[in-house]
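If you read the sequence from its start, that first residue is 1, and numbering goes on from there.
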Amino acid sequence: MIKKLLFGAICIAQFSLIQANTINENPISKVNYQKERVPKSVIIKTKKFKIKIDKQPNGKYLYQSWSVNGKVTTKPSMIISDGELIPDGTGGNYYYEFNNNGYVYQIWRNYLTDSPKKAPYTLMVDDQNGKTIVNQDGQVVKN
């Protein structure tokens, strides 16, 4: 009986070591996985705005916005350059951040959320004092 238990324990230990080595042979970088899911260009429609975010050749992001009924083929009402993509945890969430005259514009991508009704994007704008003055959910609009 003791021999069978020892043999079983040794088999389990060896199997665990084999599995651990197999898993670590080709680790998947969470950073690369996340970047693969970030689009080069996206258009988002909130309650009051239509926002287009584009990745620039220098790796920074460009923010352009129009009124909700504006067409993206017309001149934008606001343009902010040199935005950053900031990862938020390891689950795939991230946000774009843009600074404009002391105001901070953040567009959050909500892959992981507690609510199934949560919109895929959220626009948040903070004023110079850090007070949130805009908080609007947004949906993706096709080009």
**Message:** Can you tell me how far apart CE (Met124) and CD1 (Ile133) are? Round to the nearest 0.5 Å.
**Reply:** 11.0 Å
**Complete:** Hits for ring-ring contact (aromatic ring centres under 6.0 Å, His included) against Tyr96, two or more places apart or cross-chain, chain-then-number order -> Tyr61, Tyr94
**Asked** Can you name the ring-ring contact (aromatic ring centres under 6.0 Å, His included) partners of Trp66, sequence neighbours left out?
**Response** none
**Item:** Result of checking Val42, Val38, Ile43 against Ile53 for side chain to side chain contact (heavy atoms under 4.5 Å, CB included)
**Value:** Val42
**Item:** Shortest non-hydrogen separation from Gly138 to Pro120 and the atoms involved
**Value:** O-CD, 3.5 Å
**Prompt:** Are the side chains of Asp54 and Gln56 in touch, meaning some heavy atoms are under 4.5 Å apart?
**Reply:** yes
**Any pair counted as salt bridge (Lys or Arg N to Asp or Glu O under 4.0 Å), so long as it reaches residues 121-135, sequence neighbours left out** = none
**Request:** Answer whether the closest heavy-atom distance between the side chains of Lys55 and Leu85 falls below 4.5 Å.
**Result:** no
**Message:** Going by the rule salt bridge (charged side-chain N to carboxylate O under 4.0 Å, His left out), which residues pair with Lys60 if we only count those two or more places apart in sequence or in a different chain?
**Reply:** Glu84
**Fill in**
Rounding to 0.5 Å, atoms CG (Leu123) and CG (Asn135) come to a distance of 8.0 Å
Let me have the donor-acceptor pairs involving side chains of residues 98-106, under 3.5 Å, with sequence neighbours excluded, atom names and distances please.
from: Gln106; atom 1: OE1; to: Trp108; atom 2: NE1; distance (Å): 3.1
from: Gln106; atom 1: NE2; to: Glu97; atom 2: OE1; distance (Å): 2.7

**Prompt:** Within 45° of the six-membered ring axis of Tyr95 and under 6.0 Å from that ring's centre, is NZ or CZ of Arg109 located there?
**Reply:** no
Validation: residues 68-81 side-chain donor-acceptor distances under 3.5 Å, sequence neighbours left out:
from: Thr74; atom 1: OG1; to: Lys71; atom 2: O; distance (Å): 2.6
from: Ser77; atom 1: OG; to: Ser65; atom 2: O; distance (Å): 3.0

**Message:** Tell me whether Leu62 shares a hydrophobic cluster with Ile44, the cluster being built from Ile, Leu, Val, Met, Phe, Trp, Tyr side chains joined at under 4.5 Å.
**Reply:** no
**Item:** Contacts of Phe49 that satisfy ring-ring contact (aromatic ring centres under 6.0 Å, His included) - sequence neighbours left out
**Value:** none
**Fill in**
One should read off an interatomic distance between Lys48 NZ and Ser67 OG, to the nearest 0.5 angstrom, of 12.0 Å
